[in-house]
Visitor: 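Below are the structure tokens for one structure; questions will follow.
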Amino acid sequence: MSGYESVSKVYDSVTNDSAKLFVPFILNSIKKYRSESQSLLELGCGTGNILVELSKKYETYGLDLSPEMLEIAGKKDKKSVYKHRDMTDFDFGRKFDAICCMYDSINHLTSLNHWKRMFDCCFRHLVDGGLLIFDFNTLYKFSLLDMKGPTYFKAGKDFVLLENSAKKDRCTWHFNIFKKEKDVYKLFSEDIIERSYEFSKIKEKLKDFKIIEFVDEGGKKPSSKTTRVFAVCRK
Ligand SMILES: C[S@@+](CC[C@H](N)C(=O)[O-])C[C@H]1O[C@@H](n2cnc3c(N)ncnc32)[C@H](O)[C@@H]1O
């Protein structure tokens, strides 16, 4: 299960930074490593914030496990093709120049075997020389989240209380969403679980690809204090 049935109600108000955070990295990677690219697929595309930008330049496709997130994406972005699919088991019957999976969407896969199944699906769906671009939250990030107290957001007319708990390689984001409906607030609660793994274990699962970049947010080699890793791999 992907979750996001309740989180979709406030996702865009709480997380309105995905295009700013990830589109420049995707565009630069394509420019550097496969400038002739025409087609792109995003896995875990959510509400379409990244694809709405990339569709200005490429023929874009998105898949997600949450029908609620896809419904928002489809209303926002009429150019991309959105499909309800699992990123570990999909068949589009065609290949792409680039596949991306951003904003720790891959961390939602709760076993390393599922990460490998996702990589295998990407390998089958990429043209020779095509790019797999993704990011993930590190084990170090999980350790920091566990020490963080609750965060409180205003999301339009609604309120969100977000708490984290993490144990080694597993982190749970507890969302409590107070949604204003007429004059009352209705509470929706949902847990989103993420997993992470040591860099060496992730790289091992990528052995069919050539890893071209495996960097931190500043473009440097990741260290034990890196919170998010960006990877670019070539088929
Ligand atoms: C943090 S959101 C990121 C959404 C989008 N990429 C963005 O940048 O805003 C993670 C997304 O991954 C989706 N997801 C989780 N597990 C999935 C799976 N197995 N297959 C496809 N999508 C999945 C969720 O439904 C959610 O929309």
Side-chain angles (χ1 to χ4, degrees), residues 1-27 29 40-55 58 60-77 80-92 98-122 125 132-138 141-142 145 151 153 155 160 162 164 170-175 177 188 190-196 205 217 227-231:
M1 278 301 295
S2 88
Y4 286 87
E5 187 179 339
S6 299
V7 172
S8 63
K9 298 178 197 298
V10 291
Y11 186 83
D12 278 352
S13 318
V14 171
T15 315
N16 55 8
D17 54 352
S18 46
K20 209 168 67 201
L21 277 173
F22 301 107
V23 170
F25 182 77
I26 298 168
L27 289 176
S29 303
L40 179 139
L41 166 67
E42 187 188 5
L43 313 181
C45 60
T47 59
N49 291 332
I50 291 177
L51 286 184
V52 77
E53 293 303 319
L54 295 177
S55 66
Y58 305 107
T60 42
Y61 291 72
L63 69 79
D64 202 281
L65 203 51
S66 159
E68 294 82 10
M69 297 289 267
L70 285 170
E71 197 187 328
I72 300 170
K75 284 187 188 147
K76 190 186 293 172
D77 171 16
S80 306
V81 177
Y82 288 99
K83 298 275 185 197
H84 183 219
R85 297 280 188 283
D86 186 327
M87 67 171 93
T88 64
D89 182 17
F90 61 90
D91 182 3
F92 275 71
I99 300 181
C100 65
C101 183
M102 312 311 292
Y103 220 159
D104 42 273
S105 295
I106 194 169
N107 291 101
H108 294 60
L109 304 178
T110 53
S111 83
L112 201 50
N113 277 344
H114 282 87
W115 287 46
K116 172 72 170 125
R117 276 167 57 178
M118 182 276 223
F119 295 147
D120 287 347
C121 275
C122 292
H125 282 79
L132 166 63
I133 303 167
F134 68 99
D135 72 284
F136 65 92
N137 279 333
T138 63
K141 164 94 172 257
F142 286 3
L145 286 172
T151 324
F153 302 94
V160 180
L162 179 58
N164 300 102
R170 179 184 286 261
C171 164
T172 307
W173 305 78
H174 309 279
F175 282 88
I177 299 156
F188 296 88
E190 191 164 49
D191 284 353
I192 304 287
I193 294 169
E194 292 198 355
R195 294 288 301 272
S196 196
K205 298 294 178 201
E217 277 157 310
T227 53
R228 184 182 295 280
V229 167
F230 288 80

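Numbers here are sequence positions counted from 1. In listed order, ligands and their atoms are each counted from 1. Just the heavy atoms: all of them, side chains too, but no hydrogens, waters or symmetry mates, feed the values below.
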Visitor: Using a strict cut-off of 4.0 Å, indicate which atoms of ligand 1 neighbour a heavy atom of Leu109.
Guide: 19 (N)

Visitor: Is there side-chain contact between Leu27 and Tyr58, with at least one heavy-atom pair below 4.5 Å?
Guide: yes

Visitor: Where does Thr15 meet ligand 1, judged by heavy-atom distances below 4.0 Å: at the side chain, the backbone, both, or neither?
Guide: neither

Visitor: Could you list the atoms of ligand 1 found under 4.0 angstrom from a heavy atom of Ser18?
Guide: 7 (C), 8 (O), 9 (O)

Visitor: Applying a 4.0 Å heavy-atom criterion (strictly less than), which segment of Tyr103 is in contact with ligand 1: side chain, backbone, both, or neither?
Guide: both

Visitor: Would you check if Tyr4 and His108 make a side-chain contact, meaning some heavy-atom pair closer than 4.5 Å?
Guide: yes

Visitor: Which option out of His84, Lys83, Met87, Met102 puts a heavy atom nearest to atom 17 (C) of ligand 1?
Guide: Met87

Visitor: Taking non-hydrogen atoms only, is Ile50 closer than 4.0 angstrom to ligand 1 via side chain, backbone, both or neither?
Guide: side chain

Visitor: With atoms numbered from 1 as shown, which atoms in ligand 1 lie under 4.0 angstrom from a non-hydrogen atom of Asp86?
Guide: 18 (C), 19 (N), 20 (N)

Visitor: Kindly assign one of parallel, tilted or perpendicular to the pair Phe230 and Phe22, based on the angle between their ring planes and the thresholds 30° and 60°.
Guide: tilted

Visitor: Determine whether any heavy atom of Glu42 lies closer than 4.0 Å to an atom of ligand 1.
Guide: yes

Visitor: At less than 4.0 angstrom from any non-hydrogen atom of Met69, what atoms of ligand 1 do you find?
Guide: 27 (O)

Visitor: Just let me know how Cys101 lines up against ligand 1, side chain, backbone, both or neither, with a heavy-atom cut-off below 4.0 Å.
Guide: neither

Visitor: Closer than 4.0 Å to some heavy atom of Ser66 - which atoms of ligand 1 meet that?
Guide: 25 (O)

Visitor: Using the side chain to side chain contact (heavy atoms under 4.5 Å, CB included) rule, pick out the option among Asp191, Val7, Leu162, Ile193 that qualifies with Trp173.
Guide: Leu162

Visitor: Go through the structure and list residues passing salt bridge (charged side-chain N to carboxylate O under 4.0 Å, His left out) with Asp135, not counting sequence neighbours.
Guide: Arg228

Visitor: Start with the C-alpha distance between Phe142 and Asn164, add both sets of side-chain angles, then the distance that settles side-chain contact (heavy atoms from CB on, under 4.5 Å), and finish with yes or no.
Guide: CA-CA 9 Å; Phe142 286 3; Asn164 300 102; over 6 Å; no

Visitor: Does the cation-pi check pass for Lys83 over Phe90, that is, NZ or CZ under 6.0 Å from the six-membered ring centre and within 45° of its axis?
Guide: no

Visitor: Could you check, using the six-membered ring where one of them is a Trp, whether Phe134 and Phe119 have ring centers closer than 6.0 angstrom?
Guide: yes

Visitor: Looking at Phe136, is its backbone amide N or carbonyl O close enough to the side chain of Asn107 to form a donor-acceptor pair, meaning the two atoms are under 3.5 Å apart?
Guide: no

Visitor: Under a 4.0 Å heavy-atom limit, does Phe22 contact ligand 1 with its side chain, its backbone, both, or neither?
Guide: neither

Visitor: Given side chains that start at C-beta, do those of Cys122 and Leu41 come closer than 4.5 Å, heavy atoms only?
Guide: no

Visitor: Minimum distance, heavy atoms only, to atom 6 (N) of ligand 1: which one of Gly46, Cys100, Gly44 is it?
Guide: Gly44

Visitor: Contact between ligand 1 and Asp64 is defined here as a heavy atom of the residue under 4.0 Å from a ligand atom; is it met?
Guide: yes

Visitor: Taking heavy atoms and a distance under 4.0 Å, where does Arg85 meet ligand 1: side chain, backbone, both or neither?
Guide: backbone

